[in-house]
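Note sheet for the following structure.
Heavy-atom basis, side chains included; hydrogens, waters and symmetry copies ignored.
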Amino acid sequence: MPGLQHAITIAAPPERVWEVLIDVERWPERIPTVDSVERLDDGPFTVGSSVRLRQPKLPEAVWTVTELTRGMSYTWESKQAGALSVASHVVEPHPDGARLTLAVSVSGPLSGLGWLLTKRLARRYVETEAASIKSVAETRD
């Protein structure tokens, strides 16, 4: 299964990193790899929550939360054109604050070709997203 993982240490408490991470509606103003986010449901961000996500150079996608451990991690999935994308977001305590790990994997009949075409972009986006979350979490806004 093609995929990638990126981890970063953040000089902020895990609770603060989690706050930034799950505030997906503010991602467009905080993360340059996100053009827009539209919540497709109301209420707390939890298992079953869905968002419509628009990112530069990628097709619009609907992501649905499939697993969530409040304060620690969530995983969401998006199905498109013969591929299933799964992205995980994990916040852990670290001696210097918190450790954020972002991972994405793809599977399905067209995943191999799709991954070949988007791997570099995906790596850049995941690294940029982690750095942006770090920047926001380390400065109060």
Side-chain angles (χ1 to χ4, degrees), residues 1-108 110-141:
M1 184 179 321
L4 61 88
Q5 179 175 301
H6 179 71
I8 190 168
T9 302
I10 300 175
E15 300 79 22
R16 172 63 181 152
V17 178
W18 179 253
E19 287 173 17
V20 175
L21 187 62
I22 64 162
D23 192 2
V24 296
E25 292 163 302
R26 292 191 65 192
W27 282 10
E29 68 189 68
R30 294 173 162 173
I31 303 174
T33 60
V34 177
D35 287 334
S36 68
V37 172
E38 176 189 356
R39 281 284 305 268
L40 301 178
D41 52 73
D42 295 320
F45 191 72
T46 190
V47 172
S49 293
S50 293
V51 302
R52 179 171 288 114
L53 183 67
R54 291 178 188 88
Q55 295 183 273
K57 302 179 184 179
L58 292 174
E60 177 182 290
V62 173
W63 290 86
T64 302
V65 178
T66 57
E67 297 175 31
L68 185 139
T69 302
R70 192 141 314 275
M72 296 176 53
S73 66
Y74 75 89
T75 299
W76 60 8
E77 297 180 351
S78 179
K79 297 175 185 168
Q80 284 191 332
L84 172 66
S85 298
V86 177
S88 65
H89 313 74
V90 179
V91 179
E92 301 170 293
H94 186 276
D96 295 325
R99 183 116 176 125
L100 172 65
T101 303
L102 303 178
V104 64
S105 63
V106 294
S107 62
L110 299 179
S111 62
L113 176 60
W115 188 248
L116 284 175
L117 298 173
T118 62
K119 181 180 179 179
R120 288 172 123 171
L121 182 65
R123 178 168 302 287
R124 190 170 33 134
Y125 278 16
V126 166
E127 290 172 357
T128 299
E129 290 160 11
S132 298
I133 291 166
K134 173 182 173 74
S135 176
V136 173
E138 289 179 346
T139 58
R140 295 306 274 189
D141 63 341

Sequence neighbours left out, cut at 3.5 Å: what donor-acceptor pairs do the side chains of residues 78-103 make with other protein atoms?
unit_1: Ser78; atom_1: OG; unit_2: Val62; atom_2: O; d: 3.1
unit_1: Gln80; atom_1: NE2; unit_2: Glu60; atom_2: O; d: 2.4
unit_1: His89; atom_1: ND1; unit_2: Tyr74; atom_2: O; d: 3.2
unit_1: His94; atom_1: ND1; unit_2: Asp96; atom_2: N; d: 3.0
unit_1: Arg99; atom_1: NH1; unit_2: Thr9; atom_2: OG1; d: 2.8

Qualifying residues under ring pair (Phe, Tyr, Trp, His ring centres under 6.0 Å), relative to Trp63, sequence neighbours excluded: Trp76
Which pair of non-hydrogen atoms, one from [X] and one from [Y], has the smallest distance, and what is that distance?
X: Ala130; Y: Ile8; result: CB-CG2, 3.8 Å
X: Ala137; Y: Val17; result: CB-CG2, 4.0 Å
X: Leu121; Y: Pro56; result: CD2-O, 4.4 Å

Side-chain donor or acceptor of Arg16 paired with backbone N/O of Val136 under 3.5 Å: yes
Using 0.5 Å steps for rounding, measure from the [atom1] atom of [X] to the [atom2] atom of [Y].
X: Thr64; Y: Leu40; atom1: OG1; atom2: CG; value: 7.5 Å
X: Asp23; Y: Glu25; atom1: CG; atom2: CD; value: 7.0 Å
X: Leu4; Y: Tyr125; atom1: CG; atom2: OH; value: 13.5 Å
X: Leu21; Y: Glu129; atom1: CG; atom2: CD; value: 10.0 Å
X: His6; Y: Arg123; atom1: NE2; atom2: CZ; value: 9.0 Å
X: Ile10; Y: Ile133; atom1: CD1; atom2: CD1; value: 7.0 Å

Flag side-chain contact, heavy atom, 4.5 Å: Phe45 against Arg39: yes
Side chain proximity check, Ile22 to Arg70, heavy atoms < 4.5 angstrom: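 They are in contact (side-chain heavy atoms under 4.5 Å apart), so the answer is yes.
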Basic-acidic side-chain contact under 4.0 Å: Arg124, Glu127: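 Salt bridge absent between Arg124 and Glu127.
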